S.K.: 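Got a structure here, written out as structure tokens. Questions coming.
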Amino acid sequence: MKLEGILKTLLLAVVSILLFASAVFAASTGPAAIDIKKGILFVTFGSSMPQGEAAIIAVRDAVIAAYPDIEVRTAYTSRIIMRKIAREQGRSIDEPAIALAKMAYEGFTDVAVLSTHIIPGAEYDDLAAVVRAFRMMSEYAPKPGFRKITLSLPLLSEQESIERVAEVMANTYEKEIEDGAVVLVGHGTHHFADAAYSALQMALLRQSPNFYVGVVEGLLEYDDVLSRLKSSSVKKIYLAPAMLVAGDHTLNDIAGDEEDSWKSMLEDEGYEVTPILTGWGQNKGIRDIILDKLSEIWDELDR
Ligand code: CO
């Protein structure tokens, strides 16, 4: 009985020493011993048109220039566009989950996921869910997995960045806004993030009463924009996309020659319409906002 007690005590002591030793070992060789490999995943809706891709490439090039020693991978969130590119151009582009799985497999430990979406809508929600899943998996199965994974917010998602976008627009269209109305047409969505466009409209009104925001599908419809234009004295309209790329919607629904495009409908109302066919990705001011959002989540990797 006594001997058994001594043995038990001894065993307990040995186990304690082993546990203590392994804890000390883990503390000295643990997290610090991991080879840190940082990367950036550049995520965009995508575009299958050369003009649209030019805007995407402009943003990606700005990211590469700002982080010259870091590997920048690209993922698209639109499956329709990815399929179209695969079919028509034979190129394959990864969706975010695949791109992240590849990065984890290749030993990246820290990944900053840069969303270049305009609003925190359905596409962004899906991306955020993927990032959350990788974060959780990495907690329970660290190998292969990430030490840290961060995600940026879209352009029109916080008051400060909405105000910055409005300032960039005021600088970009300094001459046009004196000469007539600048109508910015966004995509719009059934998602409640559609409200971001109304917020942008309010921020733009602080810059000039000649700024108008409309969307292709959402609350700020063409008819609303038209009735506001009619109650003003403007004759000239500059029509520009409020989208990262000037792709299909810009070239067809907004500035196309078909009779139901915004351009044709406004011309029928007697306005002189000048389409501006560049996406926000081609605007340095907008790119700078995106780079600032990246810089925030890049710093967060070490926090
Ligand atoms: Co669309």
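Note that ligands are numbered from 1 as they come in the structure, with each ligand's atoms numbered from 1 the same way. Nothing here was measured: the structure is a model prediction, and the numbers come from that model.
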S.K.: Do V43 and I81 belong together in a cluster built from hydrophobic side chains that touch within less than 4.5 Å?
M.R.: no

S.K.: Would the distance check show the side chain of T150 and the main-chain N or O of I297 forming a donor-acceptor pair, the cut-off being under 3.5 Å?
M.R.: yes

S.K.: Which protein N, O or S atoms lie under 2.8 Å from the Co ion (ligand 1)?
M.R.: H187 NE2, H249 NE2

S.K.: Salt bridge check, R206 against E163: does any charged N sit closer than 4.0 Å to a carboxylate O?
M.R.: yes

S.K.: Is the side chain of R287 donor-acceptor paired with the backbone N or O of G281 at a distance under 3.5 Å, no angle test?
M.R.: yes

S.K.: Do the charged groups of E106 and R73 touch, with an N to O distance under 4.0 Å?
M.R.: yes

S.K.: Check whether D302 reaches the backbone of D299 with its side chain - one donor and one acceptor, N or O, closer than 3.5 Å.
M.R.: no

